[in-house]
Amino acid sequence: MPISSKQFAKQLITWQKIHGRHHLPWQVSDAYAVWVSEIMLQQTQVSTVLNYYPRFMARFPTVTALASADIDDVLSLWSGLGYYSRARNLHRAAQYIATHYGGQFPQHAALLAELPGIGRSTAAAIAAFAFGQREAILDGNVRRVFTRVFAIEGWPGNKAIEQQLWQLAESLLPDAAEIQPYTQGLMDLGSLVCRRGQPDCGSCPFTQDCLANQQGRQRQLPTPRPKREIPQREVRWLLLYDTEGRVFLEKRPPTGIWGGLWSLPEWTAEHTSLAQRLQELAVIAEDAAEAPAPLHAVTHQFTHFHLTAYPYPLAVRTRAECRESASCWVNAAELAHIGLAAPVRRLLETWMSSLF
DNA sequence: AATGCGGGGCG
DNA sequence: CGCCCAGCATT
């Protein structure tokens, strides 16, 4: 017999008040603060977000400040967090709120979910935390708790399973008066106790009620996603540097991998010769006749493919002009203030500190 | 080396 | 609608 809705909420809230998180910087009644934190937390753990959130809020303290900011500055503060479309959507949504809602957040989940980057679960979290609305969330932590406590089989990415979980989430909701500790409790229980690897069932308020625990199947739930082949991709990077300690960067297209971030110019040998590529970049190298030897390869794992990048260092005699916001020469100090993907930042910091 | 995470976009 | 895409940290 699964636990009743009333008992579930009651035991969760009691647990949350004693063992949950209470003093995170975004646990305030400010929709903007809640929103920024929820977007950061979408793909990122609390401990990491704690390193980014305060800087972001100091730089963009209000939704109108964010709306009027330069997207490059937003991406710069997002640099290293990954999933950069989150930052672009955050910026667009801020502009929408400033323009269409006079800088005030809508209070209903359905309206919040219309904003870019806010889906059903994030909308519910903002509505619940900022406005006390009785809305159900369903993030990864919550899915793990539900699939275990109620022994729900099947990959949660499957449509039918997802629907079942949403229905369960709604059926378990307490009164609106208790929505905040309840919602926070679900998140905290999932991340602190009902962990993926080593669930701490001895500390769980549902240890007696949890069907997975009763059946000893905690580690089999939630059902993992079906496995897929992970393709390999290779790319060459041009590491063009001048005599004054600068490197040449190009801005990536707004969508796709590392969208909108600065990166090293790619050189795909299948399409162009090195000479052609340098000409495209309006660069004259010291010795372009000889192909440079690549540095140690940079490897990076994405969920759906593995990337190996070969950086080709090349001293440059005649510098290309900086094309406005599309390419530029930057020095080591400036690297700290622009949006770079984590492996590109690592490569450049290591390489520049050894060279200059 | 494998895994997970919320939402957008495309066909 | 179903499927694919994305970048890190953790384990």
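So that the names make sense, note that chain A is the first sequence line, chain B the second, and so on, each numbered from 1.
- If you take CZ of A:R345 and P of C:dA9, they are 12 Å apart, rounded to a whole angstrom.
- In this structure a side-chain-to-backbone donor-acceptor pair under 3.5 Å is present from A:S37 to A:V34.
- Taking the six-membered ring wherever Trp is involved, the centroid distance between the rings of A:W351 and A:Y241 falls below 6.0 Å.
- Listed for the A:R252 side chain is no donor-acceptor partner under 3.5 Å among the backbone atoms of A:L261.
- Note on A:R196: a base of the nucleic acid sits closer than 4.0 angstrom, heavy atoms only.
- B:dG11 and C:dA6 have their P atoms separated by 15 Å, with the value rounded to a whole Å.
- The distance between atom CG of A:L112 and atom P of B:dG7, rounded to the nearest whole Å, is 12 Å.
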Identify each donor-acceptor pair in which a side-chain atom of residues 101-121 of chain A lies under 3.5 Å from a protein atom, sequence neighbours left out, and give them as a table.
residue, atom, partner, partner atom, Å
A:R120, NH2, A:E170, OE2, 3.2
A:S121, OG, A:L138, N, 2.9

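- The residue A:G117 sits close only to the backbone: its heavy atoms come under 4.0 Å of sugar-phosphate atoms, none of a base.
- Across C:dC8, B:dG4, C:dA9, the shortest atom-to-atom separation from the side chain of A:T48 is found for C:dA9.
- Residue-level contact check: A:L41 touches neither bases nor backbone, having no heavy atom under 4.0 Å from any strand.
- For the OP1/OP2 pair of B:dC5 and a distance below 4.0 Å, the side-chain nitrogens and oxygens of A:R144 include at least one atom meeting the criterion.
- Going from atom CD of A:E162 over to atom C1' of B:dG7 covers 11 Å, rounded to whole Å.
- The side chain of A:T122 contributes an N or O atom lying less than 4.0 Å from OP1 or OP2 of B:dG7.
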What N/O pairs connect the protein and nucleotides 2-6 of chain C at under 3.5 Å? Give each pair on its own line.
residue, atom, partner, partner atom, Å
C:dA6, N7, A:H304, NE2, 3.3
C:dA6, N6, A:H304, NE2, 2.2
C:dA6, N3, A:Y83, OH, 3.1

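- For the residue pair A:N89 / A:R86, no side-chain donor-acceptor distance below 3.5 Å is found, with atom types taken as modelled.
- The main-chain N or O of A:A176 is never found under 3.5 Å from a side-chain atom of A:Y182 such that the two would form a donor-acceptor pair.
- Rounded to an integer number of Å, the gap from CD1 of A:I137 to C1' of B:dG6 is 12 Å.
- Defined by atom type and a distance below 3.5 Å, a donor-acceptor pair is present between the side-chain atoms of A:Q184 and A:Q27.
- Between A:R143 and B:dG6 there is a side-chain polar atom (N or O) within less than 4.0 angstrom of OP1 or OP2.
- Distance A:I39 CD1 to B:dG7 P: 7 Å, rounded to the nearest Å.
- Within the 4.0 Å cut-off from OP1 or OP2 of C:dT10, at least one side-chain nitrogen or oxygen of A:S47 is found.
- A:Q45 places its CD atom 7 Å from the P atom of C:dT11, with the value rounded to the nearest Å.
- Taking atom CZ on A:R219 and atom C1' on B:dG4, their separation rounds to 17 Å, with Å as the unit.
- Taking atom CG on A:L221 and atom P on B:dT3, their separation rounds to 16 Å, with Å as the unit.
- Among the atoms of the strands shown, none is found under 4.0 Å from any heavy atom of A:L261.
- When the shell of 6.0 Å around CD of A:Q167 is examined, it contains 12 or fewer heavy atoms from other residues, nucleotides or ligands.
- Summary of the strand contacts: A:R88 and A:G197 both lie near DNA chain C, and taking for each the nucleotide with the nearest heavy atom, the more 5' one is attributed to A:R88.
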